[in-house]
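Take a look at the structure below.
Quick note: numbers below take in every heavy atom, side chains included, and nothing from hydrogens, waters or symmetry partners. Position 1 is the first residue of the sequence; numbering continues from there. Start at 1 and go down the list; that is how both ligands and their atoms are numbered. Please read these numbers as outputs of a predicted model, since none were measured by experiment.
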Amino acid sequence: MTHFIDVILPIPVPNKFTYLVSAAEAQFLTPGVRVSVPFGKTKIYTALVYQIHNTPPEVYEPKEIHQILDDTPIVTKQQLEFWHWIASYYMCAVGEVMRAALPNAFLLESETVISGKNDVVLKDSELKDDEFLVYEALQHQTSLSIHEVSNILDKKNVLPVIKRLLEKKVINVQEEIYEKYKPKLVRYVKFPEEYQSDDALKDVLDSLSRAPKQREVVLSLFSLIAKSKKPIKVKELIKTSQSSSAIIKTLIDKGVLEAYYLQIDRVQFTGEKSNTSKALNTAQETALQAIKAGFNHHHTVLLHGVTSSGKTEIYVKLIEEQIRQGKQVLFLVPEIALTTQLVNRLQDYFGEEVAVFHSKYSTNERVEVWNHVLEQSSKAKIILGARSSILLPFQSLGLIIVDEEHEQSYKQFDPAPRYHARDAAVVLANQFQAKILLGSATPSLESYFNAQQGKYGLVELKTRYNDVLMPEIELVDIKDKHKRKRMTGHFSDRLIVEMQAALEEGFQIILFQNRRGFSPIVECTTCGHSPQCPNCDVSLTYHRFKGQLRCHYCGYYSVMPKTCDACGSPDLDTKGFGTEQVAKEVSEIFPETKVGRMDLDTTRGKYGYEKIITAFEQQEIDVLVGTQMLTKGLDFRNVKLVGIMNADNMLNFPDFRAHERSFQLMLQVSGRAGRTKERGKVLIQTYNPYHNILQQVSTNTYADMFKEQMDDRYNFKYPPVYRLIKITFKHRDYNWVNEGASWYAKSLRMVFKDNVLGPEFPPVARIRNQYIKHVLLKIPPKQSLAKTKEAIVKVNNSFMSVKTFRSVRVILNVDNY
Ligand code: ADP
Ligand code: ZN
Ligand code: ZN
């Protein structure tokens, strides 16, 4: 009898491929084991065994596999099932899901490039002959392709050798997107060398006799050092000496104190649990019981809890319960880099039982977490991760928490699989008969609708943890302010007064402007010309500090011209404003304050993000200006005032979700104000204070927003009432995109009639020299999703068979966000 295996290849093809194996191999193999296989004329891939059988393929002669790579499966049965669900629901190949799921080091292939490690010292005897040859070659060359390794070893099947070298940690797999997790930098203080003796210290204290506050700081540091052997954080010193960061700074400038940074690495966290979880207050306890009761009837419960209501502490209680039962817990967050505070909190309670997983980790770190999860190790009981962590090899998942479930970054855009991690997590939980809790202060219409329909349980938590009132929200009519000349730059007199007051009381301020750079449009006042990106149909943003014009879509930049490129006139005007301009104006209005900026431009550098957060936490920054990065669940203790510089461009964004999103964004930023003792204040500047969304934000009435937005979604047939599939066409040639999209839309219309919208160019119709056009398919609630997708696939296949359209890229995006 002949034996075959069907394998999944990590490439975008619809079918599985069949390979020939020997009887012994068939006996040994199980689904989820990796094999290396030849593909096409020269390629080698790592494939996953899907099934073992005796039926030869009908249309081709099967090749033999090269080698078996694993003794035991590295992918579970349940994962294979889940991946197939993702592929079918989000209309992509299961191979694409495989590629998204497996760390690179698991996916050796002919294109893989390896490099040596400088820091390994090996005894020759630790390596087999062939391993040693590769190791030695890498002493002379920085990197080798798999083909080169083939030549060195004079054989085809080299993946097993590479795999062993990886496991022995002798080599690395080179990655293009290699962005190692950034460790947190914390600021500490100490006495410089010369002041460490008692005598010297006495001199210092004498010299400070007229500066009692500074003296107090020095004395405090002295006693802190005497009490503990540990380094002293700047933050701690400010607290115990009841001083301020300004005083500390003076002392550092005088050379009396010395500041230094230490890294707190969260990936290789080895610390002990240092705290037990907090006792819940009555409202939290009631919510917790309601969630548990909800789980009796529903797999999924939505926790709608206002900002700072203490949702995280409730999650912690639920997690503890699962851990006690030996279950695994998945804690999903929209963006790992922005949740450093949460990572710290969880590690504080759960120590090394928490593993952090992120697609931007190095492949070695990802492999480690993968194996811990697969082996149900105690080092990965709780997996904290961004969306791709739903693809891990869970064994005993008991609970999934989706924090900030409304965040759109849960949806993957590019490349396929274009899945929504929240929605897919609901399916994943069901597979395990596990519970799933969605949490948000501003739930998505989708989830709230599901709760109202009885599909999800619903628990509401309406008070803030320490009974601080929700911040007071004031709308400022800047049209009127402009008319009455009450504006200074982009600041209304109201905002300036409130900022003044907050600063005088020693509080911090957050200013939100959803645009980076100085101003998004430069315009010649003589001829009206405005500089455009050569690669995209969008105007260039002026970045003042760098003196550049930049494209926010493709990264193109040029020097800011002194005169108009078209007519030569020197009268260039700027329109609109971004974070850079806001920050500059703050420094002009309040010259004494320290202003920080948090946006893509300032967080890009090494530790950029960490430094800003830490500096703001430690109150070295008074006013933090930022984009939506500011909205993501940060917990700052001393912020009293939040200013939203301009609500209108969010509200006017051309998207059916713009109003819902504006509501969420504004309430989330507002939620950063007044989280501890004093009630916070929020000022929203707008040209249209009577906009319903702004009224709903100012009264914090989610219910009104929900009702009104749902009416629109019913009337205009949008999600969550109808489903959406967005079909995108891309090509360098304008005509191809046009013709292709029209042809496609016409074919779809024959089946789906009026539920096909477009084709239409998006507001930015060309990016990186590719023209873009969209067709939108609306799917009524009762229409079968499976049949709909079948019909699309048919249209898609005939489209691809038209020779002239073959080079047009077609992207299917199910549940487009
Ligand atoms: P949310 O996630 O709802 O925005 P958090 O869980 O971040 O709220 O809680 C807000 C603040 O209140 C945090 O600093 C948290 O430590 C504190 N807090 C919440 N619940 C408790 C509790 N039961 N005991 C002590 N502090 C709490
Ligand atoms: Zn001009
Ligand atoms: Zn561009």
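Annotation for ligand 1: atoms under 4.0 Å from non-hydrogen atoms of L280 are 23 (N). Residue contact check: T312 has heavy atoms under 4.0 Å from atoms 2 (O), 5 (P), 6 (O), 7 (O) of ligand 1. Residue contact check: E313 has heavy atoms under 4.0 Å from atoms 6 (O), 16 (O), 19 (C), 20 (N), 21 (C) of ligand 1. Near A279, the atoms of ligand 1 lying under 4.0 angstrom from a non-hydrogen atom of the residue are 22 (C), 23 (N), 24 (N). Each of the following atoms of ligand 1 lies closer than 4.0 Å to a heavy atom of R637: 14 (O).
Using a non-hydrogen distance threshold of 4.0 Å, S309 registers as a contact of ligand 1.
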With salt bridge (Lys or Arg N to Asp or Glu O under 4.0 Å) as the criterion, how do R516 and D599 come out once you've worked through the C-alpha distance, each side chain's angles and the decisive distance to 0.1 Å? CA-CA 6 Å; R516 64 197 163 92; D599 55 31; over 6 Å; no

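The set of protein atoms (N, O or S) found at less than 2.8 Å from the Zn ion (ligand 3) reads C533 SG, C536 SG, C551 SG, C554 SG, by chain and number.
Of the protein's non-hydrogen atoms, Q284 NE2, 2.9 Å is the one closest to atom 20 (N) of ligand 1. For atom 13 (C) of ligand 1, the nearest protein heavy atom (residue, atom name, distance) is D635 OD2, 3.4 Å. Nearest protein heavy-atom contact of atom 26 (N) of ligand 1 is K278 CD, 3.2 Å. Counting protein heavy atoms only, atom 8 (O) of ligand 1 is closest to G310 N, 3.1 Å. Of all protein heavy atoms, the one closest to atom 10 (C) of ligand 1 is S308 OG, 3.4 Å. Nearest to atom 18 (N) of ligand 1 among the protein's heavy atoms is Y465 CD2, 3.5 Å.
Neither the backbone nor the side chain of A441 has a heavy atom within less than 4.0 Å of ligand 1. Contacts with ligand 1 closer than 4.0 Å are made by no heavy atom of Q668, backbone or side chain.
In this structure a side-chain-to-backbone donor-acceptor pair under 3.5 Å is missing from Q284 to A287. R464 places a side-chain N or O within 3.5 Å of a backbone atom of T307 that can act as its donor or acceptor partner. Counting only distance, with no hydrogens or angles, the side chain of K311 and the backbone of G305 share a donor-acceptor pair below 3.5 Å.
By the 30° and 60° cut-offs, the orientation of the rings of Y702 relative to H304 is tilted. Using cut-offs of 30° and 60° on the angle between ring planes, the pair Y315 and F331 is perpendicular.
Using a 4.5 Å cut-off on side-chain heavy atoms (C-beta onward), L511 and V623 make contact. Looking at V316 and F350, their side chains come closer than 4.5 Å, going by heavy atoms from C-beta outward.
For the residues R345, K311, R464, the heavy atom positioned nearest atom 7 (O) of ligand 1 is part of R345.
A cation-pi arrangement, defined by a distance under 6.0 Å to the six-membered ring centre and an angle within 45 degrees of its axis, is absent between R422 and Y410.
Atom OG of S670 is separated from atom CD1 of I510 by 10.0 Å, given to the nearest 0.5 angstrom.
For the pair SG of C527 and SG of C567, the angle whose vertex sits at the Zn ion (ligand 2) is 110° to 10 degrees.
The residues K640 and E505 are annotated as salt-bridged, a charged nitrogen and a carboxylate oxygen being separated by less than 4.0 angstrom. Remark: E617 does not engage R637 in a salt bridge, criterion side-chain N to carboxylate O under 4.0 Å.
Within 6.0 Å of CD in E760 there are 12 or fewer heavy atoms belonging to other residues, nucleotides or ligands.
Polar contact with ligand 1: absent for T307 (N/O pair, distance under 3.5 Å).
Between the Zn ion (ligand 2) and H529 there is no N/O/S contact shorter than 2.8 Å.
Aromatic ring centroids of Y734 and F761 lie under 6.0 Å apart. Residues F577 and F518 place their aromatic rings such that the two centres sit no closer than 6.0 Å.
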